[in-house]
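To keep things clear, I will list the structure first and then write my remarks on it.
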Amino acid sequence: MTDTFKLYVTGRDRCTSVSDAHIGVSLLEILRDAGVYEISAMCGGNCSCATCHVYVEAAGLLSGPDIEEAEMLDTLLHQEPLSRLACQVAVTAGIDCLRVEVAPEE
Amino acid sequence: MPTHLDIRSFPTTSDFGFSGGRDNFRAFCRRVFSAKEPRFLRTPENQLVVFRHADLMLFGTAPEVGNLPIGRMYPNRFKEGASPERPPGWEIGEVIASQVFTFNPPLHGPARRMLLNWLGPKQVGQMEELARTVTRHVISRIRDGETVDLVETVAEAVVVGFWSRLLHLTDEESITIGRCAHDMTRLFHANRSQEDLRILDQAFAEYARLLDLAAMRGLEKGDPAMLEIAAKLKELDFPDDPYEVGLVPKSVGAVLAGNLVDGFHTAALAAANTFHALLHNPEAMATVRQAPETLPRAIVEALRLEPPVLSLGRYVLRDFHFDGHVLPAGTRVTMVWAAGNHDPSVFPEPERFDMSRPQTGLTTFGTGIHICPGRYAGVMLTRVMLEEFAAQDIEIDHAEMPAEWIPDHVMNQLRVFPARISLCEKDR
């Protein structure tokens, strides 16, 4: 098992980039390290603003949103079944590939 | 070994010419950002003043730096054996005590989510049609060629009309609450006089009475939003702690009153300031007219340039360690949020309206867990006003009288903004 995984990120411009990312931190930090600057995360990763809204394809590999995240997601205009707040997604061992799309701005 | 931050060693804001107010603020930013030092400033009362973008982010997202609790704002009010007499400013405290901006964890999170459940982007999107109806009504009262005050005749009229309709207030009550919201401007004077406090107490008492009435009416009518707030309010099971955590609001009316001060008052500033920024940047105005899809970016840039709030108070809940310093618990901090948007290290040529600049890192609505939960409603109202003026091909031009900003104010607030309103040729 390695501590890196393939990260595919589709931005708001619909372009997809791929990079190697490290497990063990939040998806928000991973996206920032990968240079995805269109995520503003205005609350600083505290599950309070939903400006790090992304769609994540990794069914079953990640733990689901807790009640606080779920309540925040429920307020979003662009909420979809794959919606997550990047600041609340812990990327842990066992993931070899993650596909993330940056959600439209609210 | 971390050293205590010596607040008294920093220059004061007035050393850099800042005593509040927009024009003063602009001059302050030019001066204070011309050098890398000082890192911090202080108020004349020795509160720490945070103004650089990086520090606003650092302090704004630090869990040690919380909201200013109501008991610290009004220290005499909660003292054992406090006088039963109500000193000047009492009614303001009655309302503000239910405001999420006076709450800290563990009350803050669920109280904030209770509001977002009502005023989140999805919910605000459902209110847009109402905002449009109110805006059209306001516009219909303006005559072709008339010079109007965009603050009072448009921004305040739409904002007050919107909340009044949403909350089942009668036309007469709407006029009264509009007057109260107008009087609330005095709350943001840098130096409040006894006369300010007297007028504020009257305004806040009447405003709270009307919102209590609105809440009761909404609950009786089975308004889903009011019922949801009532249900969420019952779940807020925290003992009263005025000195740190805050006070759980005692009724739905108290929730509305506490948290709609900015709805009734500050949202109108956001709209008026956006009109001002666009009117002073004709190229941007032309761009949004030609390409309406650029309007959201234009509003974000307008509010970066002219944010409604200049500064807000914070409070250090626990010793805050940063960069080898320690800021002790109990320190009061002034966050000059508007300065973050004018920090040239993040926003080059900060006074230039530039819709193409990156729109991340803005401090317009604060940052951290205390970021303004009502911002979606404020921005939606602003957007709808501009869209409706454009949809009806109404031109807004400078009037002969200049706009006037309120001096010595913690808000970036226009007192008056005369503008000439004219219908385009094809509509005459």
- For B/L116, is it the side chain, the backbone, both or neither that has a heavy atom under 4.5 Å from a heavy atom of chain A? both

- Pairing of B/K232 and A/E71 as salt bridge, 4.0 angstrom limit: yes

- chain B interface, residue from A/I39, A/L76, A/N46 that has the most non-hydrogen pairs under 4.5 Å: A/L76

- Task: Heavy-atom pairs under 4.5 Å with chain B are the metric here; pick the option from A/M42, A/Q79, A/E106 that has the most.
- Result: A/M42

- Message: For the interface with chain A, which of B/P121, B/G120, B/G109, B/G60 has the highest count of heavy-atom pairs at distances below 4.5 Å?
- Response: B/P121

- Grab the two heavy atoms, one from A/S48 and one from B/G368, that are nearest each other, plus how far apart they are. CB-O, 4.3 Å

- In this structure, CZ of B/R113 is separated from CE of A/M72 (nearest 0.5 Å) by 8.5 Å

- Atom SG of A/C49 and atom CZ of B/R375: how far apart are they, to the nearest 0.5 Å? 6.0 Å

- Item | Atom pair OG1 (A/T75) and CG (B/L115), whose distance is rounded to the nearest 0.5 Å | 12.0 Å

- chain B contact via A/E38 - which portion, at a heavy-atom distance below 4.5 Å: backbone

- Task: Using a 4.5 Å cut-off on heavy atoms from C-beta on, say whether the side chain of A/C43 contacts that of B/T61.
- Result: no

- More than 12 heavy atoms of other residues, nucleotides or ligands under 6.0 Å from CG of A/D13: is that the case? yes

- Item | Minimum heavy-atom distance between A/D74 and B/K122, given as atom pair plus value | O-NZ, 3.0 Å

